[in-house]
Amino acid sequence: MDRRTFIGTLTVSLLVAPLAVEAQQAQRVPRIGVLTMSVASSMAAFEGLRQGLRDHGYVEGQNIVLEIRFAQGRPERLAGMAAELVQMKVDIIITESTLAAQAAKDASGTIPIVMAVTGDPVGAGLVASLGRPGGNVTGLSVLAHELSGKRLQLLKEVIPSAIQVAVIWNAAYPSAAGYLTETRAAARSMGLELQSFEVRSSSDLNVAFEAVAAARPSALITLPDGMLLANRARIVELTTKSRLPALFPDREFAEAGGLLAYGPSLAANFRGAATYVDKILKGATPGDLPIEQPSRFELVINLKTAKALGITIPQSLLLRADEVIR
């Protein structure tokens, strides 16, 4: 190769190299970690996430990768799974439940964290405020102060004679105390007596329901929590065994055989999380993206369970239901 040819080849190489690097960077596929408390808390929820991503042009396996980790209702597994996602150098971590968000935040102060589902992110210390989260955490909250009263009202419509209502709640869940306070206040205003039965893990459920059966309440509710959601089949079984009319915070309970469910749509929240993912991948700073709160709630009635319990659901309530399981 003569000197002129060498210089020409070198010049072309120098021009092509940056283009090759840019092309390689452009082709890089974002890797999104998903950290959840339950085993696919709801397959509809994860389909909501995938649909939300598709709405923004991301197709799993083509131009985006999802690394999903399920803690199977065991909060002690969250820290290790969060560390694993950080070690994989994921671009964003989507979380389901306050505990999952805390585990992700403890694992990394720089990787953007999008909360698909959380209770009170301010009270839990995850963000500075709903309007200006700050830090690396943003997303959606399922906290709505009017929900506690609404759930008790719905239960009262079904069981007008109800006076004593048992509440199962997870004392290990950061937002649970706030939910309990709101529920107590709503119960007092309606002339209901709330009987509190706390659990801290799935191993406490049998003992808690034995205590509920001994107290002989008119009905039962559970407070929002990832551990309880993960154990919904068992909780519904124990509730059915006690022949208690029960209202739950997530539609997945009604799908598992629970009588009533009223709360935000997990599928809608996960779909909304995809919007945050898109904004962050396009350069937005998580701390500048306001926390969204639910605006739509689902009422699901399991008519099969109502019949098994000998309960007649008012027609007015059936007409208002988003779904009636027959």
Side-chain angles (χ1 to χ4, degrees), residues 30-37 41 45 48-49 52-53 55-58 64 66 75 78-79 82-83 85-86 89-150 173-182 185 223-226 249 263-297:
R31 189 175 294 270
I32 310 300
V34 184
L35 183 63
T36 79
M37 263 291 286
S41 334
L49 172 61
L53 291 171
D55 291 343
H56 294 286
Y58 303 101
I64 200 164
L66 297 181
L78 290 169
L85 292 173
V86 171
K89 297 182 179 179
V90 295
D91 298 278
I92 298 169
I93 299 176
I94 298 173
T95 62
E96 174 230 7
S97 87
T98 302
L99 292 175
Q102 287 180 327
K105 186 178 181 182
D106 290 343
S108 175
T110 56
I111 294 176
I113 297 166
V114 174
M115 303 175 294
V117 181
T118 190
D120 179 4
V122 178
L126 291 167
V127 298
S129 69
L130 297 180
R132 189 82 171 181
N136 62 322
V137 181
T138 187
L140 301 98
S141 166
V142 295
L143 183 65
H145 295 289
E146 72 276 10
L147 271 182
S148 298
K150 183 64 175 178
Y173 178 53
S175 300
Y179 284 132
L180 184 63
T181 299
E182 291 172 8
L223 299 187
D225 168 58
S265 165
L266 293 183
N269 268 51
F270 271 87
R271 189 166 183 169
T275 299
Y276 282 88
V277 168
D278 178 57
K279 289 179 180 179
I280 292 169
L281 289 178
K282 289 177 177 175
T285 301
D288 294 337
L289 299 175
I291 304 292
E292 291 185 12
Q293 293 179 276
S295 57
R296 182 178 177 275
F297 306 96

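Side-chain contact check for L130 versus P290: every heavy-atom pair is 4.5 Å or farther apart. Looking at heavy atoms from C-beta onward, M37 lies in side-chain contact with L78 at the 4.5 angstrom threshold. A 4.5 Å side-chain heavy-atom check between I280 and V114 finds at least one atom pair inside the cut-off. By the 4.5 Å heavy-atom criterion applied to side chains, F270 and E96 are counted as neighbours. A heavy-atom distance below 4.5 Å is found between the side chains of M115 and I291. No side-chain heavy atom of T95 sits under 4.5 Å from any side-chain heavy atom of Q102. Side chains of P112 and I93 form no contact here, defined as non-hydrogen atoms less than 4.5 Å apart. Residues L223 and Y173 have side chains not in contact (no heavy-atom distance under 4.5 Å, counting atoms from C-beta outward).
Rounded to the nearest 0.5 Å, atoms CG (D225) and OG (S175) are 9.5 Å apart. In this structure, the separation between OH on Y276 and NE2 on H56 is 11.5 Å, given to the nearest 0.5 Å. Remark: I32 CD1 to L49 CG distance equals 9.0 Å, nearest 0.5 Å.
Side-chain N or O atoms of T138 include one that pairs as donor or acceptor with a backbone N or O of L289 at under 3.5 Å. Formation of a donor-acceptor pair under 3.5 Å by the T285 side chain with backbone atoms of G287 is not found in this model. Of the possible donor and acceptor atoms, none in the side chain of D91 sits under 3.5 Å from a partner among the backbone N and O of P30.
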(request) Determine, stepwise, if the pair D55 / R271 fulfils side-chain contact (heavy atoms from CB on, under 4.5 Å). (result) CA-CA 9 Å; D55 291 343; R271 189 166 183 169; 2.8 Å; yes

(request) Mind running side-chain contact (heavy atoms from CB on, under 4.5 Å) on N136 and T110 for me, showing each step along the way? (result) CA-CA 6 Å; N136 62 322; T110 56; 5.8 Å; no

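Taking every heavy atom of both residues into account, A128 and V122 meet most closely at O-CG1, 4.0 Å. Closest non-hydrogen pair, L66 versus V34, comes out as CD2-CG2, 4.4 Å. What you find for G119 and T98 is that their closest heavy atoms are N-OG1, 3.1 Å. Smallest separation of non-hydrogen atoms from L126 and K105: O-NZ, 3.1 Å. The minimum heavy-atom distance linking L35 with L85 is given by the pair CB-CD1, 4.2 Å. Listed here is the closest heavy atom pair of S108 and I113: O-CD1, 4.2 Å.
Of the candidates V117, L140, V142, P264 forms a side chain to side chain contact (heavy atoms under 4.5 Å, CB included) with just one, namely V142.
Side-chain contact of S141 with T118: a donor-acceptor pair under 3.5 Å is absent, judged by distance alone.
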